[in-house]
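First the structure, in the form of structure tokens, and then the observations on it.
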Number of protein chains: 2
Amino acid sequence: MTDNNNIRIKDIAKLAGVSVGTVDRVIHKRGKVSEEVKEKIEKVLSETGYKPNLLARTLGSKKGIKIAVIMPNPEQDEYWALAFTGITQSLEDWSQYNLQIDNHFFDLFDSSSFREAAENALSQTPDGLVCAPIFHKETLEFFSQQNQDNIPYVLCNTFIKELSPISFIGQDLYQSGRLAGELISIGGTDKSHVAILHIQENIENSMHLKAKEQGLRDILEPKYEISSHDIKKMDPALIREQIEQILIDENLGGIFVSTSSALHEVASILENMGRSDIRLIGYDLLEKNLSYLKRGVINFLINQNPKRMTLTGIGHLSNHLLFQKELPENELFPLEIISRENMETYLNSRIH
Amino acid sequence: MTDNNNIRIKDIAKLAGVSVGTVDRVIHKRGKVSEEVKEKIEKVLSETGYKPNLLARTLGSKKGIKIAVIMPNPEQDEYWALAFTGITQSLEDWSQYNLQIDNHFFDLFDSSSFREAAENALSQTPDGLVCAPIFHKETLEFFSQQNQDNIPYVLCNTFIKELSPISFIGQDLYQSGRLAGELISIGGTDKSHVAILHIQENIENSMHLKAKEQGLRDILEPKYEISSHDIKKMDPALIREQIEQILIDENLGGIFVSTSSALHEVASILENMGRSDIRLIGYDLLEKNLSYLKRGVINFLINQNPKRMTLTGIGHLSNHLLFQKELPENELFPLEIISRENMETYLNSRIH
DNA sequence: TTGAAAGCGCTAACAA
DNA sequence: TTGTTAGCGCTTTCAA
């Protein structure tokens, strides 16, 4: 084995003619050091290229870390169930650092439940927060008012320009829409209409979906005529009705469903009507989506990678808390194209 | 901060009425423990669900690790240059564990240089090896004969069924070929011929390319007529000539180049001849490939993710060496489809 | 076969 | 403002 011939704090102390305590104070800016001594130590520090042993640091400051997660209830939605698997796995990945994760789930249909979950999270004084800010207004309120202790937080899934988390993790939604447009038009179609379906719990929070829409429009217009439809996710029968309405259009060549949710409803209708002439593009490796992808009813899925999202979120936060590592301000995942022929390779890989 | 209320070795010792030294001996099977005591300790161990603090373990046994990498010269080939960026990054990622990496490059055109590189690597008694086994015969010889000290090793890129590395990292080549087939046939073409081009340094080692070929055939035959061409990568002019020969076929609707290498040559010819009727599919985010992808000459790239490959290789090996973590026998990466519209999102992401 | 004790490099409380 | 020292949990050497 390699012997550890690194420069240690002790060496720095000797070189600077001071004690380790003083060096430690300089390194951590704990004050109470004369300017003169401070400068000398800093000089030695940079000359030797001192790098702390993070193992020893973590061990010495007998800290573990406690992270609170605020996200939609995984039982309510398969997308968030996938996201939750990332939480589970990060617990394993970071097990050696005695990491504790407290989950606080909220109801996708109920914005007040978000407040509750968030306040609960805070009340347990976590060292950091990972949050999926589904409800724009409530999130804003929470992070600008409640979080006065300045607990570091990471935001996942939805970008919120008014906030400054230590890191945002998600995807470029505009580009995602462009990609969807490209995927619809590959090889060309003879039909010239394309419909965008925004199907979700609360239509108020659909701003980010409009970014996807714009991307698609910029690719397909004016060659294609685009129509956009906001559909509130409630009664499946009601959704069906609205979709069937849209399908009356004989000239419809493609449908883009902007969220993973309820894509399978659309697929089911298309399949039942035998409309294999319509290209269908949507999001995420949900079970039902995959089965329609396999049967060719859905042509492509774009993977938003919810598992990797939470995994990376916890990872970044842990690195920040434990090792003071610098994080990317934005971690934008690639837009993964899933087709019938590569879906298994995604399912089989450790992170998907 | 959370206090670390874990069970420590000390606690185990107290519960079992022995000393920490003895507990340690049992945990690490360092022998010299009476059967009776051993059983008692093991009982306590499992009852308490003891989990060692890996930080302390690593710190206590003042080991660093030294990993030797055996791979093609990054200056010779852009694919391997990308792979090399993974090495660089893993050095950062693992910097806290005092990881040392020694690179041993070999010449893609010269199998004897592989032997040399491999022996060199071994002579420095590394704790583990990461190897890209381009030369089948030589690799087999090396790992079955030279590596008698049983230094743990990870194999990247090319699967070799006769060997048992602690982990293999790569992709499913057969499935990769199937995907290529699907990508060629999306939307349908009126032309019914497809050509597969295997372009590489040494044709002898093309076994794994045949797996890709088989995948493509299984998707496209008998609807399409497939022709396969082995082209030795030497003089670019010579390559051109052979490719132009193939392009004479008026009925050619698609080309699949099975390696990242020289794909741009094919693209350049297609572009010059104005043959935009021919679908072109190939591998990897090499600079030239990307520019042809952007211009629509190349329709899709499949990403073999060389950077992530080496990054994961070093990561697995480090986890094994440092933390005795269990590794997946095979880590098969997803087959990433790169199009004009998602390429930037891959380039912008931390690992691509 | 066992136990005691001195590290590993760093932190943080306490003294000076 | 500075130095000293006792940990953190584990490994490993030495002595018993």
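We name chains A, B, ... by the order of the sequence lines, and we start the count at 1 in each one.
Atom CG in A:Leu55 sits roughly 16 Å away from atom C1' in C:dG7 (whole-Å rounding). If you take CD1 of A:Ile12 and C1' of D:dG3, they are 17 Å apart, rounded to a whole angstrom. In this entry the distance linking NZ of B:Lys14 with P of C:dT2 reads 20 Å, nearest Å. Protein atom NZ of A:Lys38 is 16 Å distant from nucleotide atom C1' of D:dT2, rounded to whole Å.
Checked by atom type, the side-chain pair A:Thr22/A:Ser19 shows a donor-acceptor distance below 3.5 Å. Judged purely by distance below 3.5 Å, without hydrogens or angles, the side chains of B:Lys66 and B:Gln124 never pair a donor atom with an acceptor atom. A donor-acceptor pair shorter than 3.5 Å cannot be found between the side chains of A:Asn305 and A:Tyr346.
A cation-pi arrangement is present between B:Arg308 and B:Phe333 under the rule of less than 6.0 angstrom and at most 45 degrees off the ring axis.
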- Can you check each nucleotide of nucleotides 10-16 of chain C against protein heavy atoms at under 4.0 Å and return B for base, S for sugar-phosphate only, - for none, in 5' to 3' order? BSBB---

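The phosphate of C:dG3 (OP1 or OP2) has a side-chain N or O of B:Thr22 nearer than 4.0 angstrom.
In this structure, A:Glu162 places its CD atom where more than 12 heavy-atom neighbours from other residues, nucleotides or ligands lie under 6.0 Å away.
B:Val130 places a side-chain heavy atom less than 4.5 Å from the side chain of B:Ile67.
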